[in-house]
Participant: 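So that we are looking at the same thing, I have put the structure below in structure tokens.
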Number of protein chains: 2
Amino acid sequence: MGVASKQPTARIRKSPEQVRSAVHQAVIDLLSDSEGADLTIPAIAQRAGVNHTSIYRRWGGREALLVDVVTTRLERDWPLNDTGTLRGDLTAWVEAGVASIRTPEGRLLVRAVALSMPSSSHTQAERAQHFQRRIHSIERIRERAAARGESPPPLEEILDQLIAPLYLRAIFGIDPPASGYAQLLVGRLLGDTGAPGAA
Amino acid sequence: MGVASKQPTARIRKSPEQVRSAVHQAVIDLLSDSEGADLTIPAIAQRAGVNHTSIYRRWGGREALLVDVVTTRLERDWPLNDTGTLRGDLTAWVEAGVASIRTPEGRLLVRAVALSMPSSSHTQAERAQHFQRRIHSIERIRERAAARGESPPPLEEILDQLIAPLYLRAIFGIDPPASGYAQLLVGRLLGDTGAPGAA
DNA sequence: GCCGCGAAGCAAACATCTGTGCTTACGATG
DNA sequence: CATCGTAAGCACAGATGTTTGCTTCGCGGC
């Protein structure tokens with residue numbers, strides 16, 4: 001007691017940006033570590049080294065936080081490039097997806113989208129929110145293709161033949177074939193038969 | 001006070017089987033009602049008219065209960081029939097799946113498998129458990145086809161082209177095309193081009 | 001017809017997550 | 001350099017889910 005009875009404590013306050021960053025990283029870490037189990041606000045807060053109230057106040061709840069993290073990450077790691085051809089665009093997009101879901105992080109991220117829940121009824125809306133962005137990406141690819149005079153397959157087919165396989169594998173942790181998976185899926189979608197034209 | 005001070009209460013105790021049945025039904029009901037939100041043990045117990053401790057003691061937790069319910073229901077509503085041809089078997093199987101995921105109940109059921117979580121690290125194993133049964137069903141179809149001299153497509157293709165679209169739609173609540181979806185998917189898988197042979 | 005095992009019901013303790021009021025630090029503005 | 005707004009940190013209160021010990025009923029065996 002005596003002199004230094006009330007140390008101001010070297011505890012430093014994180015800036016808003018630091019908090020955001022630390023929390024995001026904490027979510028990723030927990031997702032990877034425990035396979036997504038026990039992904040609670042208190043756990044995230046502790047991992048991030050921030051107070052849990054900061055999270056509650058900023059994001060409002062687990063769900064919104066997850067959507068934020070997932071959206072941010074996925075759009076960074078699973079981008080939409082312009083390669084000049086429909087096949088190229090789709091292949092690049094699928095390849096990015098494959099690469100993404102090969103990592104535990106990526107898998108859990110995708111799974112997290114589906115998980116969203118529990119406890120909340122407007123989950124549907126937020127899930128849709130994420131999904132809409134994916135769909136929007138695809139739509140842009142289709143539009144560019146159409147502008148070039150190509151005739152892209154309908155959205156439904158892309159959904160069934162590209163997105164579905166990727167998401168399923170991500171969610172259930174099934175590894176994609178070792179190589180050429182993107183080409184395989186895109187080839188199927190665009191109507192390639194057995195062996196197209198060899199290189 | 002007087003005579004009937006301590007009524008034995010007409011409260012009757014449910015038999016183990018009654019409990020099992022009531023709880024299962026309660027899970028289904030809650031799944032349909034609130035879109036799966038708030039699927040907690042206390043809520044389920046109340047709905048089923050049983051004491052929540054009965055559920056905890058028998059199943060141990062939400063996850064195990066869900067797996068039980070889902071497995072039971074799915075295998076009842078999404079059976080594996082023998083129609084005599086590979087195409088017939090697959091079509092019937094997909095049709096059952098489509099019918100199943102058209103109901104909110106079915107969708108949530110499938111989603112519940114994927115969701116499983118939260119809190120538990122052996123989730124992977126239990127999810128695999130369910131998935132293994134699905135895979136096993138498919139394998140049996142393939143075996144029968146092979147025994148008849150047909151050459152069924154590899155499992156991976158069935159996974160990507162039949163299971164994946166169904167699961168994706170179930171999980172994200174995307175309705176399948178109004179009609180002919182099963183034929184469409186199976187046709188694609190088995191290599192039909194544009195229009196096969198009209199009826 | 002008595003006895004005992006298994007399971008359901010009840011109540012209370014426990015742990016945990018969720019949310020709020022208040023204080024205090026950091027950074028921008030004048 | 002003083003002031004003000006925003007947001008992080010802290011302590012505590014509230015609600016909810018989870019778990020345990022004990023009692024009581026139903027059912028099969030002796």
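A note on names: the letters A, B, ... follow the listed sequences, proteins ahead of strands, and every chain is numbered from 1.
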Participant: Using whole Å, what does the distance between atom C1' of nucleotide C/dT18 and atom CZ of A/R58 come to?
Facilitator: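 A/R58 atom CZ is separated from C/dT18 atom C1' by 19 Å.
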Participant: Listed by chain and number, what are the salt bridge (Lys or Arg N to Asp or Glu O under 4.0 Å) partners of A/R102, not counting sequence neighbours?
Facilitator: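 By the salt bridge (Lys or Arg N to Asp or Glu O under 4.0 Å) rule, A/R102 matches no residue at all.
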Participant: Given D/dG17, D/dG9, C/dC17, identify the nucleotide with an atom nearest to the side chain of A/D38.
Facilitator: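 Selected nucleotide (nearest to the side chain): C/dC17.
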Participant: Rounded to whole angstrom units, what separation is found between the CD atom of B/Q46 and the C1' atom of C/dC10?
Facilitator: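 In whole Å, C/dC10 C1' lies 16 Å from B/Q46 CD.
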Participant: Run the ring-centre check on A/Y167 versus B/F172 and record whether the distance is less than 6.0 Å.
Facilitator: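 Ring centroids of A/Y167 and B/F172 are less than 6.0 Å from each other.
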Participant: Out of C/dT18, D/dA8, D/dT18, which nucleotide sits closest to the side chain of B/P42?
Facilitator: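 The nucleotide sitting nearest to the side chain is D/dT18.
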Participant: Under the ring-ring contact (aromatic ring centres under 6.0 Å, His included) definition, can you give me all pairs with a residue in residues 12-31 of chain B, not counting sequence neighbours?
Facilitator: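 Passing the test, one end in residues 12-31 of chain B: no pairs.
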Participant: Can you give me the bend angle of the helix from C/dG1-D/dC30 to C/dG30-D/dC1? Use the axis through the first five pairs and the one through the last five, nearest 10 degrees.
Facilitator: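 Axis-to-axis angle, ends of the helix: 10°.
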Participant: For B/I141, check side chain to side chain contact (heavy atoms under 4.5 Å, CB included) against everything at least two apart and list the hits.
Facilitator: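 Side chain to side chain contact (heavy atoms under 4.5 Å, CB included) check on B/I141 returns B/L80, B/L86, B/D89, B/L90, B/W93.
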Participant: Which nucleotide sits closest to the side chain of A/V50: D/dA8, D/dT19, D/dG9?
Facilitator: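 The closest nucleotide is D/dG9.
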Participant: Nearest to the B/Y56 side chain among C/dT18, D/dT19, D/dG9, which nucleotide is it?
Facilitator: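 Nearest to the side-chain atoms of B/Y56, counting from C-beta on, is D/dT19.
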Participant: Please give, in whole Å, the distance from D/dT19 C1' to B/R62 CZ?
Facilitator: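 So the CZ-C1' distance, B/R62 to D/dT19, works out to 16 Å.
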Participant: Distances under 3.5 Å only, N/O to N/O: pair up the protein atoms with those of nucleotides 2-5 of chain C.
Facilitator:
none

Participant: List for me each residue that meets salt bridge (Lys or Arg N to Asp or Glu O under 4.0 Å) alongside B/E139, sequence neighbours excluded, and say none if there are none.
Facilitator: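 Salt bridge (Lys or Arg N to Asp or Glu O under 4.0 Å) list for B/E139, sorted by chain: B/R142.
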Participant: Test side chain to side chain contact (heavy atoms under 4.5 Å, CB included) on B/L30 and B/I28; report intermediate values, then the result.
Facilitator: CA-CA 6 Å; B/L30 288 181; B/I28 301 295; over 6 Å; no
Participant: Ignoring the backbone of A/R57, work out which of C/dT20, C/dG9, D/dA7 is nearest its side chain.
Facilitator: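 Given the options C/dT20, C/dG9, D/dA7, the side chain of A/R57 is closest to C/dT20.
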Participant: In this structure, how many angstroms lie between the C1' atom of D/dT16 and the CG atom of B/L39, rounded?
Facilitator: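 For the pair B/L39 CG and D/dT16 C1', the rounded distance is 15 Å.
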Participant: Is the phosphate of C/dC26 approached by A/S15 (side-chain N or O, under 4.0 Å from OP1 or OP2)?
Facilitator: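 No, outside the criterion.
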Participant: Rounding to an integer number of Å, can you tell me how far A/K14 NZ sits from C/dA25 C1'?
Facilitator: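 Distance, rounded to whole Å: 14 Å.
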Participant: Restricting to salt bridge (Lys or Arg N to Asp or Glu O under 4.0 Å), what partner residues turn up for A/R169, sequence neighbours left out?
Facilitator: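 If we apply the salt bridge (Lys or Arg N to Asp or Glu O under 4.0 Å) test to A/R169, skipping adjacent residues, the hits are B/E156, B/D160.
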Participant: By nearest atom, which of the nucleotides D/dT19, C/dT18, D/dG17 is closest to the B/H52 side chain?
Facilitator: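 The nucleotide sitting nearest to the side chain is D/dT19.
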Participant: List the residues meeting ring pair (Phe, Tyr, Trp, His ring centres under 6.0 Å) with B/W59, not counting sequence neighbours, and say none if there are none.
Facilitator: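 B/W59: no ring pair (Phe, Tyr, Trp, His ring centres under 6.0 Å) contacts found.
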Participant: To the nearest Å, give me how far apart CG (A/N51) and C1' (D/dC12) are.
Facilitator: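 Rounded to whole Å, this separation is 12 Å.
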Participant: How about A/N51 and A/T53: does a side-chain donor come under 3.5 Å of a side-chain acceptor?
Facilitator: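 Judged by distance alone, the side chains do pair up.
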Participant: Could you state the atom-to-atom distance from CD1 of A/I41 to P of D/dG9 in whole Å?
Facilitator: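 One finds 15 Å between P of D/dG9 and CD1 of A/I41, rounded.
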Participant: Looking at the side chain of B/T53, which of C/dC17, C/dG9, D/dA8 is the nearest nucleotide?
Facilitator: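 The answer is C/dG9.
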Participant: What integer distance in Å separates A/W59:CH2 from C/dT18:C1'?
Facilitator: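 A/W59 atom CH2 is separated from C/dT18 atom C1' by 17 Å.
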Participant: According to salt bridge (charged side-chain N to carboxylate O under 4.0 Å, His left out), does anything in residues 43-52 of chain A pair up with another residue at least two apart or in another chain? List the pairs.
Facilitator: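 As it turns out, the salt bridge (charged side-chain N to carboxylate O under 4.0 Å, His left out) pairs with a partner in residues 43-52 of chain A, which skip direct neighbours, are A/D29-A/R47, A/D33-A/R47.
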